[in-house]
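No experiment lies behind these values; they were computed from the predicted model shown.
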Amino acid sequence: MAWLVLVIAGLLEVVWAVGLKYAAGFTRLWPSVATLTAMVLSVVLLGLAVRALPLGTAYAVWTGIGTVGTVIVGILLFGESASFLRLFCILLIVSGIVGLKLVTSN
């Protein structure tokens, strides 16, 4: 269950990171509200996950999901680069996330 909570927290990190773009420096009300809500929920869920998972593993997975997800959304929504080297680096992050999951007993 802790892993599911952590994945949801990571996905909410993607939401708030993308929300920052739409909030335009917190000058737009509803995107700002959505961004702040996602931030709070993401951190709360991370806090719940670290009750059962090692802190270092949980934090690395949380930020990894956020990083990979944000890059993918940036490519799909904002036309950011999808160069081979960029995608290869993202693959390395995904490999690290999977590796941490495999070596963590919870």
Keeping to residues at least two apart or across chains, list the ring pair (Phe, Tyr, Trp, His ring centres under 6.0 Å) pairs with something in residues 81-106. none
Determine whether Lys101 and Val98 make a side-chain contact, defined as any pair of heavy atoms from C-beta on separated by less than 4.5 Å. no
Side-chain heavy atoms under 4.5 angstrom apart, residues restricted to Ile, Leu, Val, Met, Phe, Trp, Tyr: same cluster for Ile72 and Leu87? yes
If you look only at distance, which donor and acceptor atoms sit under 3.5 Å apart when one is on a side chain in residues 1-29 and the other is two or more places apart or in another chain?
residue, atom, partner, partner atom, Å
Trp3, NE1, Asn106, O, 2.4
Thr27, OG1, Ala24, O, 2.6
Arg28, NH1, Tyr22, O, 2.8

Atom pair OG1 (Thr63) and CG (Leu46), whose distance is rounded to the nearest 0.5 Å: 9.5 Å
Could you tell me whether the side chain of Val68 reaches within less than 4.5 Å of the side chain of Val71, counting heavy atoms only? no
The complete set of side-chain hydrogen bond (donor to acceptor under 3.5 Å, both in side chains) pairs with one or both residues in residues 65-78, sequence neighbours excluded, reads none
Which residues share a side-chain contact (heavy atoms from CB on, under 4.5 Å) with Val40, sequence neighbours left out: Val44
Any chain of hydrophobic side-chain contacts (each under 4.5 Å) joining Leu55 to Ile65? yes
Return each pair, listed once, that meets side-chain hydrogen bond (donor to acceptor under 3.5 Å, both in side chains) where at least one residue sits in residues 32-56; pairs must be two or more places apart or across chains. Ser42-Trp62
Apply side chain to side chain contact (heavy atoms under 4.5 Å, CB included) to residues Ile93 and Ile90 and explain how you reach the verdict. CA-CA 5 Å; Ile93 294 170; Ile90 293 302; 4.2 Å; yes
Over all heavy atoms of both residues, which pair between Leu53 and Ala58 is shortest? Give the atoms and the distance, please. CB-CB, 4.3 Å
What I'd like to find out is whether the side chain of Thr104 reaches to under 4.5 Å of the side chain of Pro54, using heavy atoms alone. yes
Answer yes if Leu45 and Met39 sit in the same cluster of Ile, Leu, Val, Met, Phe, Trp and Tyr residues linked by side chain heavy atoms under 4.5 Å apart, and no otherwise. no
Determine which pairs satisfy salt bridge (charged side-chain N to carboxylate O under 4.0 Å, His left out) with at least one residue from residues 77-94, sequence neighbours left out, and list them in order. Glu80-Arg86
